[in-house]
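A quick write-up on the structure given underneath.
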2 protein chains.
Amino acid sequence: MATIDALTPERILEATEEVLRRHGPAKATVVDVARALGVSHGSVYRHFRTKTALREAVTQRWLDRTSMALSGVVAGSEPPGTRLRRWLAELFAAKRRKVGDDPELFATYMVLVGESSAVVNRHRADLTGQLARIIHEGLERGEFAPAGASPEVLARAVFDATGRFHDPAYAREWAEPGIDAEFTALVDLVLRGLAAP
Amino acid sequence: MATIDALTPERILEATEEVLRRHGPAKATVVDVARALGVSHGSVYRHFRTKTALREAVTQRWLDRTSMALSGVVAGSEPPGTRLRRWLAELFAAKRRKVGDDPELFATYMVLVGESSAVVNRHRADLTGQLARIIHEGLERGEFAPAGASPEVLARAVFDATGRFHDPAYAREWAEPGIDAEFTALVDLVLRGLAAP
DNA sequence: CAACTGACAAAAATTGAAATCTGTCATCTG
DNA sequence: CAGATGACAGATTTCAATTTTTGTCAGTTG
């Protein structure tokens, strides 16, 4: 019993995610999480200093699942241009899935965005880092050519340029008709901006 | 007296703008506007059906001032690439000035954005229309080259790509250090995407 | 009689008291 | 004695009563 029921951070995160999914960020309480685990709320505070820390840890895990899925595209063997296009499409698809399938966790994520949480900054850094890896390879192979710009700066520019298709502030627009055509037009423009003549 | 004091839509808009500037969108009331004009609030409703219509009319006027200033750039005689760059820089500068100088009217504008008001859509259409004019000329002259895309589609792509530097949702970031370098990097990328090889 | 007023109903915002929640810690328990 | 508990203070949220605001319109005024 002791081993199976041991109260670990992992189990707490699992329960918190479930509670957030059910109640949303506005209604979920630490007492709810404790109740779901069959412990007192004091025990939860033994593992997470504040409710905010708990929310951030859950969101980080949730965002990291996306980063990990995308890192598969970065590591692919296709030409960088193709990989970049695929990576952007998968990011867009992943974000859309997140709003659709997990609206309450998405709302939690948006709360952290509003607070400029470090978790969100980290996620952005993760993603631009992946972009920079693809762009770096493209520059090395001569497939990409912009002179005088580092992969990091270009990655940031590409990330900013495509914000409408991954920034949660725009989530409402992701269901509008024509959004896919607009995505394609924008990605075409960006890829042309990177490509060697 | 009758002529000078005539209650016109124009005078009401003037007074409303002043009241909004002083109290902000959350506190400004129609009675405040009426008081500022020395009339009863019933008289204000004779010219504007609802408070929302009043807010929208004020915001439209305020946004139109920006559109008009930018249309000067569209009509310029420089090469389209230069004009496009200048136009984007002026849009960014204008939006930054608006947040800085008129925070309460900017907040009013953001309320309309949140409500997906027709005024905001119109403003966006105005701006992408101006972009399309510049791009159309660039294509005609052979300075721009993307195959198979209309000026309208390209304009929309350029507008979306630069959202971080004109969309009010990002206003908080416009004061961060390094923002100008990021703006330049993004505009360079976009212009490269449009340019003929 | 065209423009304006102000009393009014319905809707929305504000207030303040009660209830709930967060985070701490002295105490308990296996 | 490591880990868990639950009573507690202070912060935050909820809820209902009250006030303010919106929008209308019958009546007033120049």
Side-chain angles (χ1 to χ4, degrees), chain A residues 1-59 104 107-108 110-112 114-115 117-119, chain B residues 1-59 104 107-108 110-112 114-115 117-119:
Chain A
M1 199 126 117
T3 304
I4 290 174
D5 289 4
L7 189 59
T8 60
E10 183 59 24
R11 279 190 64 219
I12 295 175
L13 289 179
E14 213 83 57
T16 305
E17 190 168 319
E18 188 50 31
V19 167
L20 279 169
R21 230 191 283 277
R22 212 182 292 288
H23 297 94
K27 298 279 184 193
T29 73
V30 177
V31 174
D32 290 334
V33 173
R35 193 181 6 254
L37 289 161
V39 300
S40 75
H41 75 282
S43 299
V44 173
Y45 279 101
R46 174 165 297 282
H47 293 91
F48 293 91
R49 252 204 299 349
T50 64
K51 184 187 183 180
T52 298
L54 195 48
R55 256 195 337 210
E56 288 181 339
V58 167
T59 305
E104 298 294 11
T108 305
M110 290 190 71
V111 169
L112 300 202
E115 294 166 346
S117 160
V119 167
Chain B
M1 199 128 110
T3 303
I4 290 174
D5 288 6
L7 190 57
T8 61
E10 182 58 26
R11 279 191 65 220
I12 295 174
L13 288 179
E14 214 82 58
T16 306
E17 189 168 318
E18 188 50 30
V19 167
L20 278 169
R21 231 191 283 279
R22 212 183 291 289
H23 298 95
K27 297 281 183 194
T29 74
V30 177
V31 174
D32 290 334
V33 173
R35 196 183 1 257
L37 288 161
V39 300
S40 75
H41 74 281
S43 300
V44 173
Y45 279 102
R46 174 164 298 281
H47 294 90
F48 293 91
R49 254 203 304 324
T50 63
K51 183 187 184 182
T52 298
L54 195 48
R55 253 193 343 207
E56 287 180 340
V58 167
T59 305
E104 298 294 10
T108 306
M110 290 190 71
V111 169
L112 301 201
E115 293 165 347
S117 160
V119 167

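Given the structure is predicted, the values throughout are model-derived calculations rather than measurements.
Within the structure, every pair that satisfies the salt bridge (Lys or Arg N to Asp or Glu O under 4.0 Å) test and touches residues 48-59 of chain B, not counting sequence neighbours, is listed here: Arg55(B)-Glu115(B). Residue pairs meeting the salt bridge (Lys or Arg N to Asp or Glu O under 4.0 Å) criterion with at least one member in residues 25-47 of chain A, sequence neighbours excluded, are Asp32(A)-Arg35(A).
Of all heavy-atom pairs spanning Ala53(A) and Thr50(A), the tightest one is N-OG1, 3.0 Å. Between Ala57(B) and Phe48(B) the shortest heavy-atom distance is CB-CE2, 3.9 Å.
The nearest heavy atom of DNA chain C to Asp32(A) and to Gly42(A) marks one nucleotide each, and the one closer to the 5' end goes with Asp32(A). Take the nearest nucleotide of DNA chain C for Arg46(B) and for Tyr45(A): the residue whose nucleotide is more 5' is Arg46(B).
For DNA chain D, the outermost nucleotides in 5' to 3' order that have an atom under 4.0 Å from a heavy atom of chain B are dT21(D) to dT24(D).
Proximity of Thr8(A) to Ile12(A): side-chain heavy atoms (C-beta onward) are nowhere separated by under 4.5 Å.
Taking OG1 of Thr16(B) as the start and CD of Glu14(B) as the end, the distance is 9.5 Å to the nearest 0.5 Å.
Under the side chain to side chain contact (heavy atoms under 4.5 Å, CB included) criterion, Arg21(A) pairs with Glu17(A), Glu18(A), Asp102(A), Leu105(A), sequence neighbours left out. With sequence neighbours left out, Ala107(B) forms a side chain to side chain contact (heavy atoms under 4.5 Å, CB included) with Pro25(B), Glu104(B). Every residue two or more places apart in sequence or in another chain that forms a side chain to side chain contact (heavy atoms under 4.5 Å, CB included) with Tyr45(B) is listed here: Val30(B), His41(B). With sequence neighbours excluded, the residues satisfying side chain to side chain contact (heavy atoms under 4.5 Å, CB included) with Ser40(B) are Ser43(B). Under the side chain to side chain donor-acceptor pair (under 3.5 Å) criterion, Glu10(B) pairs with Arg61(B), not counting sequence neighbours.
Checking the phosphate oxygens (OP1, OP2) of dT5(C), a side-chain nitrogen or oxygen of Ser43(B) falls inside 4.0 Å.
Proximity of residues 13-21 of chain A to DNA chain D (heavy atom under 4.0 angstrom from any strand atom) is not detected for any residue. Near DNA chain C, meaning a heavy atom under 4.0 Å away, there are no residues from residues 49-58 of chain B. Contact check of residues 33-40 of chain A against DNA chain D (heavy atom, cut-off under 4.0 Å) returns Val39(A), Ser40(A).
Exactly one residue among Thr108(A), Leu54(A), Leu20(A) makes a side chain to side chain contact (heavy atoms under 4.5 Å, CB included) with Thr59(A). That residue is Thr108(A).
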Considering only nitrogen or oxygen atoms on both sides, find all protein atoms under 3.5 Å from nucleotides 8-14 of chain C and state each distance.
from    : atom 1 : to       : atom 2 : distance (Å)
dT14(C) : OP1    : Lys27(B) : NZ     : 3.3

